[in-house]
Amino acid sequence: MTLTLTPMGDGTPAGDLLNGLNAAQAEAVSTTEGPVLIIAGAGSGKTRVLTFRIAYLLRLGVNPSHVLALTFTNKAAQEMKERISHLVGGGVARSMMAGTFHSVFARILRQFADRIGYTPSFTIYDTDDQAAAIKAVMNQLGVSQQVLPVNGVRGRISSAKNSMISWQEYVRSADSIIEKQTGQIFEEYEKRLAQSNAMDFDDLLLNTIRLLEHHPDVLETLQDRFRYLLVDEYQDTNRAQYQVVTMLARKYRNLCVVGDDAQSIYRWRGADIRNILDFERDYPESKVVRLEQNYRSTKTILAAADSVIKRNTKQLKKSLFTDNIEGEKITVLACRDDREEADMIARTIRSRVEKYGYSYKDVAILYRTNAQSQALEDALRRGNTPYHIVSGVSFYKRKEVKDVLAYLRLLVNPNDTESILRVINEPARGIGATTLERVQEFAVRTNSPVFEVLSNIETVPMMQARTAKAVKDFVGIIARYQEMMPELAPASLAQAYIEATGLPQMYKLQQSEEALDRWNNIERLLDHIAEQQELDENMTLINYLEQIALLSDADDPKLGTERIAMMTMHAAKGLEFPLVVIAGLEQGLFPLAKAETDMMEQEEERRLLYVGITRAREQLVLSYAERRYRFGELVFSRPSMFLGEIDKDTLAPSARSMTGNNAREAAPRTAPSSPKQSSYSQVGQGESYSQLPMPKRYTSVSQPKPRGVQGPAPEGPSSVKVGQRVKHPMFGAGTISSVSGTGQSEKATVLFDNGQRKQLMVAFARLEAL
DNA sequence: ACTTAGTAAATTCTC
DNA sequence: TTTACTAAGT
């Protein structure tokens, strides 16, 4: 792009960037100083505004290294940088910092690691590592996983961290037994991480806050460095992120946040919508810009989205409008079961591709839960229709890949305990559970890192000579390649080192199809390292591992190839497609069962649907099934209440393809939240969202929930009550002492007559009423 | 120490 | 249906 600066727009050298923007967009771009809140409705050109704003700053002469852009995914940051380099030239754009909160602050933490007691080569623990560490701590403390499920503990610790509660504070305010025990585990977990020179995801933010709070000089350095802050998807930031941003912006107050409260869909992982709602209070001098013109969708789609979201009570006021055409009506596919749904979706897509000249990359299928992808995949495969599931991390979740990554992590950070435990006996070296137990126990007692204990294995009591030798070999490999690290490039180092671990050979020798597959994956990973190194010759192993650790589903590079994209609605945030299909609009699935009674949850589900609908540019198809397989069992459900909320003028009277006897006319019994929409049976005459006789598992709003306790006759469901006598096929007779949760996740604590107490999932435990 | 067989539990979303 | 953990067997 040439820099011919025709003074237009506002007359500054950057003014021509404002041409072609509407008034609100231009204002958002050109208000460079002071705090700015941009409320960007779906499809209102937000990305354009953000990139133009940065380009504008740079054209005004702002040093690119003074700009920090925080995005929701790394891919978004990458794309933003590319677009900016088109506007201002690649050299300039390259030196600005852009990325997710986690990746940006990981980089900064490496720089200042020694200030907070870490080395720059610290390891980032993902959720699995986190769970492994917690499990180990629980073992060490003798807390049974039966009593306290690991994932629950992980969740509580993580949400504490998200709200910036330290283990000390957590312990202090703990009052239930569960919280007290969690507090204890929390403490040990933190110590274990510190000992391992490792941080979990939440720590990347927390430690940044600590760094800034305790080291004013660092704070000031960073404030001076990042004079212009931009935060995208501000509605989905959590409290810790808010804190970091607040601190960094304090000095220059050039903070621009972009968000849309209607698209806030991450409350469950700690996103705090107050961050955006209170922005004007936090920055009284701020300017608020509303982007309300939608350039993406047809009038029909926008109207449908609007009719849904307006049922929510809490939201900032704004009114989206569009000059786009009216467009096609929305199709609703009513299906008998999930298989039929998948087939109908596949057929519908194929016929529209034919009829309207779409190509497959113009199409996305969105769903609420990943489990739904299975049936859809089958149907697409049957029809030879190219598709792609957006879940970029799956490759990195494979056992062999994780093993290789763990080996590599050990190379840069031998103190990484979770990685040691993961691979020390992979391939089998004769170092078993008992040995590891002793080593860990010794490490805790002498307060030294596990790797150090292993390096001096002869000091550990009760060690057999043979095991000691095996341990020495293991330690030797790591030490040897660690020494070579300065001389070799990461790719060739990794190649030789992994070879030396014996892992690939193990799989190669097994010769089974599965083993060869695994061997292949290892080769692919090593190739990938080489590729990445090619792209950036300064890449270190640390960089590479960090990039992998912070990868998210939405970072998947395969989008945009000639295939249908399939993903959850969460993963679809920020994307758009000419034709969008949203599958599984059923009570209990979308909205999920637990959102049926909890209004906050319900509003979040509604926002999620809003996000889904507004991904569509031209055509939208919705579908639901009357029954579908879940856990290998057929369950019945009724159409989603949300279907009834969509303005019926936007829906097409579709030809119902349901066969046979289930074409009964029946209005759903879910109470519509607005009186003027008493039923949606008019959606196409003669068609119905028919209701099936006995919903077995999915709960509904209007009907008492039949639950899993089966009376002697399997068809006679009754609900569990405290005090009720029940019989379990394994544990015998007992009395229910407490009940928690609802629907699928309903749990009952049963005191069995033999003295055992068990917490059981009502839906799974085959309890019999006595 | 490692392998195998059997059983219990799980499915929402993620940096 | 699939996964993950435990217990028993070699």
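Just so it is clear, the structure is predicted and the values come from calculations on it, not from any experiment. In what follows, every chain begins at residue 1, and chains take the letters A, B, ... in the order their sequences are listed. Excluded from the calculations below are hydrogen atoms, water molecules and symmetry mates; all remaining heavy atoms, backbone and side chain alike, are included.
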When rounded to whole Å, the CD to P distance for the pair E604(A) and dT12(B) reads 15 Å
Which pairs, with at least one residue in residues 426-435 of chain A and sequence neighbours excluded, count as a salt bridge (charged side-chain N to carboxylate O under 4.0 Å, His left out)? K399(A)-E426(A)
Does the distance from a Lys or Arg side-chain N to an Asp or Glu carboxylate O, for E626(A) and R638(A), drop under 4.0 Å? no
With sequence neighbours excluded, tell me which residues meet ring-ring contact (aromatic ring centres under 6.0 Å, His included) with Y125(A). none
So if I take every side-chain heavy atom of L592(A) and compare against dT14(B), dT12(B), dC5(C), which nucleotide ends up nearest? dT12(B)
Answer yes or no for this row: W268(A) ring on dC13(B) base, centroids under 5.5 Å, planes under 30°. yes
DNA chain B nearest-nucleotide lookup for T434(A) and E601(A): closer to the 5′ end is T434(A)
Rounded to the nearest 0.5 Å, how far apart are CD1 of I185(A) and CG of L141(A)? 6.5 Å
For atom CE of M567(A) and atom P of dT14(B), their distance in whole Å: 12 Å
Quickly work out the I265(A) CD1 to dT14(B) P distance and round it to whole Å. 9 Å
Is a salt bridge present between D378(A) and R339(A), judged by a nitrogen-to-oxygen distance below 4.0 Å? no
note: D128(A), atom CG; dT14(B), atom P; distance rounded to Å ~ 14 Å
Nearest nucleotide by nearest heavy atom, which residue falls closer to the 5' end of DNA chain B, Q130(A) or T467(A)? T467(A)
Within residues 97-108 of chain A, those residues having any heavy atom closer than 4.0 Å to DNA chain B are T100(A), H102(A)
Using a cut-off of less than 4.0 Å, is there contact between a side-chain N or O of K573(A) and OP1 or OP2 of dC13(B)? no
Below 4.0 angstrom from OP1 or OP2 of dT12(B), is there any side-chain N or O of N370(A)? no
For Q374(A) and dT11(B), give me the distance from atom CD to atom P, rounded to whole Å. 17 Å
Nearest whole Å is fine: how far is dC15(B) P from R154(A) CZ? 13 Å
Can you find a donor-acceptor N/O pair under 3.5 angstrom joining the side chain of R269(A) to the base of dC15(B)? no
